[in-house]
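Submitted below is the structure of interest, expressed as structure tokens.
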Amino acid sequence: MNNWLTKTVILLSLVSLLNDVAGELLYPVLPLYMASIGYGAIWIGILEGCAEAIAGLTKGWFGQWSDNRGMRLPFVRMGYLISSLSKPMLAFFASGPWALLMRSSDRLGKGIRTGARDAMLADQVTDEKRGKVFGFHRAMDTLGAVIGPVLALIWLSFHKGKGYKSLFYFAFIPGLISVSLLFLIKEKKILKTKSNLPPSPFTAFSYWKKASPQYRKLVGGLIAFALFNSSDMFLLLIVKNIFNHGVYLNHASYLVSADMLVISFYVFYNIVYSLAAFPAGILSDKFGPKRMMLIGFVCFTLSYGGIALASWGVISNLWFVLLCFLVYGLYGACTDGISKAWISTLCEKEHKGVALGLFSGFQSIAVLIASVSAGLIWTFFNPYVVFLSAAIMSGILVFFITFALKSPRVIQHQSN
């Protein structure tokens, strides 16, 4: 076994896989469920935006607290437990406010665990192998995002679109298993600076002032992009809009419903993401994260630009939209885990929790703005503008990364 693939890396990756099975069992179904009880694009934008804002205000906060206490594992356990308990909530009451409570609780759990978990992963290896670690973790995490929707697809195919509520109960099982695995992990305490909780969620934002210039440039560019990159729920909604009445396969009599297409496309995207994440991490270690991030954002520009054309009615072919989802999966594989690996090289070891948590926090707040804006644009203007504006911003980010950022290896070479 390679020295980067430690017991902690394996267990944290399995925990993420199982938690994503639970979460992604519900995620592609949630916009369909919300639509079925009378809530449209604006409400979905508010739902996702508020949930992500809660995560955003807590990621850096709890990441900083884990730095202060010199411990990561208690935060990881508590975060996953809260997320697991939130899953069956929507089965009890079919209402928008209850959906908001469910998503907010789930995101609160994510906020508690994210900075501490990412810091634990980063601490397992040296800078030169972090791409592999985060790539492997993202691959396992996204494998769960494949298994969950596949289970939802099988369930709904047998229940003809009427089995939404029981899915929320079923999601409780893999969530609890994931929490139990965390008790197999042992943690070595790091340097303890303080033990108290930072006075407010905004305390973590003070790290921005003492962060390195390269950290601020990288995070600033990624957050500017995130302001235009709304929740993936809008991507699922646009598939339903494009193929509103479903499609016939091979001109035969078998009609695939729009709801089944939505979940199938989401499964396909996650399969691509899962298969590509680990190789992307390896290539990031070999050639540097900058090159992989550039490839990723070029993929985003192409995929969202294509979706904009499809939603505009220019090209609404089934295979063209499927190709856009394939390219979108490559974008995720080349950016998500790799961006965290890159950021972890731009901060001190004792600040990894707050540095990674702050980045995730800024991202979540940006998603709040992007998702609410997307809901308004979708309702009062035109859905294709949501995707076109994000594609344009991604293209701008490609130029920013190319000319304004140095690769970690260059930074290390200059500091030696």
Side-chain angles (χ1 to χ4, degrees), residues 6-27 30 51-52 54-67 69 71-91 101-124 133-134 136-149 151 167-187 197 201 270 274 336-337 340 352-354 356-357 359-361 363-364:
T6 64
K7 178 184 176 181
T8 297
V9 171
I10 293 172
L11 286 173
L12 284 176
S13 299
L14 284 173
V15 168
S16 289
L17 184 152
L18 288 166
N19 184 72
D20 250 39
V21 168
E24 300 296 335
L25 187 72
L26 306 179
Y27 188 82
L30 193 56
E52 287 298 338
I54 289 172
L57 288 173
T58 54
K59 284 176 182 176
W61 191 24
F62 285 102
Q64 187 177 24
W65 193 13
S66 77
D67 288 337
R69 291 194 62 188
M71 299 177 67
R72 313 291 190 194
L73 196 52
F75 298 90
V76 179
R77 287 172 177 167
M78 181 58 67
Y80 277 112
L81 179 61
I82 291 174
S83 291
S84 298
L85 293 176
S86 72
K87 296 294 189 298
M89 281 187 181
L90 207 56
L101 177 61
M102 185 209 79
R103 286 293 289 164
S104 298
S105 299
D106 180 56
R107 295 298 89 182
L108 174 61
K110 187 176 181 66
I112 293 171
R113 71 179 181 259
T114 296
R117 184 204 62 204
D118 290 345
M120 283 185 74
L121 288 169
D123 287 342
Q124 293 299 303
V133 168
F134 279 97
F136 178 78
H137 178 264
R138 290 309 306 166
M140 293 289 283
D141 183 272
T142 312
L143 179 59
V146 173
I147 297 171
L151 292 175
L167 281 174
F168 294 98
Y169 292 120
F170 180 66
F172 188 54
I173 298 172
L176 283 185
I177 296 173
S178 71
V179 174
S180 67
L181 288 178
L182 289 169
F183 289 90
L184 300 177
I185 299 176
K186 294 182 180 180
E187 179 186 20
L197 176 69
N270 280 306
S274 180
D336 196 352
K340 293 178 180 179
K352 279 191 175 68
V354 65
L356 289 163
F359 164 62
S360 296
Q363 265 192 325
S364 297

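Along the sequence shown, the residues carry numbers beginning at 1.
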From CA spacing to verdict: side chain to side chain contact (heavy atoms under 4.5 Å, CB included), V354, W65: CA-CA 8 Å; V354 65; W65 193 13; over 6 Å; no
Go through the steps to decide whether V15 and I177 satisfy the test side chain to side chain contact (heavy atoms under 4.5 Å, CB included), and finish with yes or no. CA-CA 8 Å; V15 168; I177 296 173; over 6 Å; no
Give the minimum heavy-atom separation between V146 and S274, together with the two atoms involved. CG2-CB, 4.5 Å
Interatomic distance, L182 atom CG to L14 atom CG [nearest 0.5 angstrom]: 10.5 Å
So, does K7 use its side chain to make a donor-acceptor pair with the main chain of L184 at under 3.5 Å? yes
If you take all heavy atoms of F75 and A116, which pair is closest and at what distance? CB-CB, 3.9 Å
Donor-acceptor contact present, side-chain E187 to main-chain L73, <3.5 Å: yes
Between S86 and S83 the two heavy atoms that sit nearest each other are OG-O, 2.7 Å
Distance from L12 atom CG to S178 atom OG, nearest 0.5 Å? 11.0 Å
Separation between CG of L356 and OG1 of T114, rounded to the nearest 0.5 Å: 10.0 Å
Working to the nearest 0.5 angstrom, can you tell me the gap between R107 CZ and T58 OG1? 10.0 Å
Residues two or more places apart in sequence or in another chain: which of them pass salt bridge (Lys or Arg N to Asp or Glu O under 4.0 Å) with R117? none
For V179 and S84, which heavy atoms make the closest approach, and how far apart are they? CG2-OG, 3.6 Å
Looking only at heavy atoms, what is the nearest atom pair of E24 and G144, with distance? CB-O, 4.3 Å
Could you check if a side-chain atom of R77 sits within less than 4.5 angstrom of a side-chain atom of I82, using non-hydrogen atoms only? no
Nearest 0.5 angstrom please: D106 CG to N19 CG, how far? 7.0 Å
Please report the shortest heavy-atom distance between V9 and F136, naming the atom on each side. CG1-CD2, 3.9 Å
When you check the gap from the basic side-chain N to the acidic O, do D118 and R113 get nearer than 4.0 Å? no
Say you draw a straight line from CG of L11 to OG of S16; how long is it, rounded to the nearest 0.5 Å? 11.0 Å
